[in-house]
Amino acid sequence: MENIYEELGVSRPVLEFADEILKGLEERFRQIDETAEYNQLKVIKAMQEARVSAECFQATSGYGYNDLGRDTLEQVYALTFHTEAALVRPQITCGTHALAVALSGNLRPGDELLSITGKPYDTLEEVIGIRPSCGSLAEYGVSYAQVDLLEDGSFDYEAIRAAIRPNTRLVEIQRSKGYQTRPTLSAKQIGEAIAFVKKINPQIICMVDNCYGEFVERIEPSDLGADMVVGSLIKNPGGGLAPIGGYIAGTKECVERCAYRLTSPGLGKEVGASLGVMQSFYQGLFLAPTVTAAALKGAIFAANVYEKLGFHVVPNATEERYDIIQAVEFGFPEGVISFCEGIQAAAPVDSYVTPEPWAMPGYDSDVIMAAGAFVQGSSIELSADGPIKPPYAVYFQGGLTWPHAKLGILKSLQRLYERGYVKLPDAILIYEPEG
Ligand SMILES: *Cc1c(COP(=O)(O)O)cnc(C)c1O
């Protein structure tokens, strides 16, 4: 084992340091495997109940009327998320699009949208019109209100009560912290907030941005009263195989309104050819519970490695996890760059390229991104990025298999170690970097 790691450029001190840390993670990894087992059974049960067959993988083209694969897959999602209905399609281009469809499908002029988890994910600012944007909800006369989370990351129930108005039609809850520093919310916390909102007005639609949270727990927000859960298939539920797509699972009424928005009034769910991607959607969902577990192990391993080395990590080494994102604050730019280089060097695809910070549109500082993915932009595959500005934090997520996630973290540590940015406390052998 050591030999092959050394062939891949991971030195003995790095391996030994990692092994020590891994010994302390056995019980946690066992619990993650148990959750994966439960969720794997949940998905298989859904596929059996929906009578998935080989015919479901056939490609359709044109209008896509009576597309058995598409309709059955939507039933599988509904059974998995315990909802009445679902919309799962390659025509939903990404998570932002799925969320935009869910919002614009269910809101009408004069309605108010209320976010109770503070500022929503960046790309939604333009969907809502928080940043003025062509075609935003604001342009269609939908107003927006927001209640921030409390200092400790919990819901501000008093402020929520005060913010709910007669025209509040939809409450948005973002499960994952995304790239903010607040804690991610558990399904249970979300369920409590939904119950609170419904008690004030049961007509309010509760929508959860479920991105990065799927299969991390045994229950989903849809088990606890959410009217819609929404996410991207190039994150957790696509299992790394879906090449595109998004999903909305929820009540029959809500999902139907989404379908009329996604395709056209009058057509709804009836059209939308599946174009040959169905097998990847099914097989990706089948793999999603164990893929999510792999990513989760990677995140926890990274948190433990870098916390032990004295860096601030969010979530910390021992915290309960509700999504797959890990942040490491280096405090200096070379830390972020070295980390991303290591992730890139561990990739199965494009491992030979060196990521560099650049001025990405929409960001106020240079950003470095590492990804060597089979599906472009996929963030269930091992990937990392960070803006080159204080506190010089890198955000890291994904890993289709645990050994790959582990290699990525070891390679990142190797870079930092070679360049003298970290000292390994228990190193026995001194590694001599090449050159
Ligand atoms: C990724 C993400 C989105 C948007 O998904 P895209 O597929 O990138 O458009 C929305 N919300 C959260 C919390 C996310 O993590």
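Heads up: numbering here begins at 1 and tracks the sequence.
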Measuring only between side-chain heavy atoms, which start at C-beta, is [X] closer than 4.5 Å to [Y]?
| X | Y | value |
| --- | --- | --- |
| Val171 | Met207 | no |
| Cys258 | Asn106 | yes |
| Glu217 | Ser186 | yes |
| Phe396 | Leu382 | yes |
| Leu99 | Val127 | no |
| Tyr144 | Pro120 | yes |
| Leu285 | Met47 | yes |
| Lys119 | Gln174 | no |

Can you tell me how far apart [atom1] ([X]) and [atom2] ([Y]) are? Round to the nearest 0.5 Å.
| X | Y | atom1 | atom2 | answer |
| --- | --- | --- | --- | --- |
| Leu413 | Ile409 | CG | CD1 | 10.0 Å |
| Leu170 | Leu114 | CG | CG | 9.0 Å |
| Lys297 | Arg28 | NZ | CZ | 12.5 Å |
| Asn236 | Glu214 | CG | CD | 5.0 Å |
| Ile248 | Asn210 | CD1 | CG | 12.0 Å |
| Asp33 | Arg30 | CG | CZ | 9.0 Å |

[Y] and [X] side chains, donor-acceptor separation under 3.5 Å:
| X | Y | answer |
| --- | --- | --- |
| Gln344 | Asp350 | no |
| Thr251 | Asp227 | no |
| Ser11 | Gln414 | yes |
| Gln397 | Ser383 | yes |
| Arg321 | Gln326 | yes |

Audit row: Tyr247, Tyr77, ring pair (Phe, Tyr, Trp, His ring centres under 6.0 Å) steps and yes/no: CA-CA 8 Å; Tyr247 77 91; Tyr77 264 72; 5.6 Å; yes
More than 12 heavy atoms from other groups under 6.0 Å of CD on Gln376: no
Other residues, nucleotides, ligands: >12 heavy atoms within 6.0 Å of Glu151 CD: no
From CA spacing to verdict: salt bridge (charged side-chain N to carboxylate O under 4.0 Å, His left out), Arg415, Glu418: CA-CA 5 Å; Arg415 294 275 156 145; Glu418 276 172 17; 5.2 Å; no
Taking all heavy atoms of [X] and all of [Y], pick out the closest pair and write down the distance.
| X | Y | result |
| --- | --- | --- |
| Leu185 | Ile190 | CB-CG1, 3.9 Å |
| Ser53 | Leu68 | OG-CD2, 4.5 Å |
| Gln91 | Leu262 | O-CD1, 4.1 Å |
| Val394 | Cys340 | CG2-SG, 3.7 Å |
| Leu410 | Ala18 | CD2-CB, 3.4 Å |
| Met228 | Cys254 | CG-CB, 3.7 Å |

Angle class for the [X]/[Y] ring planes (parallel below 30°, perpendicular above 60°, tilted otherwise)?
| X | Y | result |
| --- | --- | --- |
| Tyr157 | Phe155 | tilted |
| Tyr306 | Phe311 | tilted |
| Tyr282 | Phe57 | perpendicular |
| Phe215 | Phe81 | tilted |

Verdict with supporting geometry, Tyr212 and Ser232, side-chain hydrogen bond (donor to acceptor under 3.5 Å, both in side chains): CA-CA 8 Å; Tyr212 287 130; Ser232 163; over 6 Å; no
Stepwise side chain to side chain contact (heavy atoms under 4.5 Å, CB included) test for Asn304 and Leu22: CA-CA 9 Å; Asn304 280 269; Leu22 281 172; over 6 Å; no
Inspect the contact between [Y] and [X] and indicate whether a charged nitrogen and a carboxylate oxygen are less than 4.0 angstrom apart.
| X | Y | value |
| --- | --- | --- |
| Lys269 | Glu74 | yes |
| Glu220 | Arg175 | yes |
| Lys177 | Asp323 | yes |

Residues Asn316, Glu307; criterion side-chain hydrogen bond (donor to acceptor under 3.5 Å, both in side chains); working and verdict: CA-CA 7 Å; Asn316 72 28; Glu307 191 173 275; 5.0 Å; no
Heavy-atom donor-acceptor pair, [X] side chain to [Y] backbone, under 3.5 Å:
| X | Y | answer |
| --- | --- | --- |
| Thr72 | Gly69 | no |
| Thr292 | Ala288 | yes |
| Ser104 | Ala100 | yes |

Steps toward side chain to side chain contact (heavy atoms under 4.5 Å, CB included) verdict (Ser379, Ile234): CA-CA 6 Å; Ser379 48; Ile234 63 168; 5.6 Å; no
Pair Asn39-Glu37, side-chain hydrogen bond (donor to acceptor under 3.5 Å, both in side chains): steps then yes or no: CA-CA 6 Å; Asn39 286 328; Glu37 182 178 346; over 6 Å; no
Face-on cation placement of Lys235 at Tyr121 ring, 6.0 Å and 45° thresholds: yes
Chi angles and distances behind the salt bridge (charged side-chain N to carboxylate O under 4.0 Å, His left out) call for Glu334, Arg419: CA-CA 9 Å; Glu334 297 81 4; Arg419 292 172 184 171; over 6 Å; no
Salt bridge (charged side-chain N to carboxylate O under 4.0 Å, His left out) assessment of Glu34 paired with Arg218: CA-CA 10 Å; Glu34 230 173 73; Arg218 291 180 193 203; 3.5 Å; yes
Intermediate values then yes/no, ring pair (Phe, Tyr, Trp, His ring centres under 6.0 Å), Phe332 and Tyr421: CA-CA 10 Å; Phe332 56 100; Tyr421 298 127; 5.2 Å; yes
Full working for side chain to side chain contact (heavy atoms under 4.5 Å, CB included) between Glu356 and Ile337: CA-CA 7 Å; Glu356 278 179 19; Ile337 295 167; over 6 Å; no
His82/Lys42 under side chain to side chain contact (heavy atoms under 4.5 Å, CB included): CA gap, chis, key distance, verdict: CA-CA 10 Å; His82 304 130; Lys42 181 159 78 173; 3.9 Å; yes
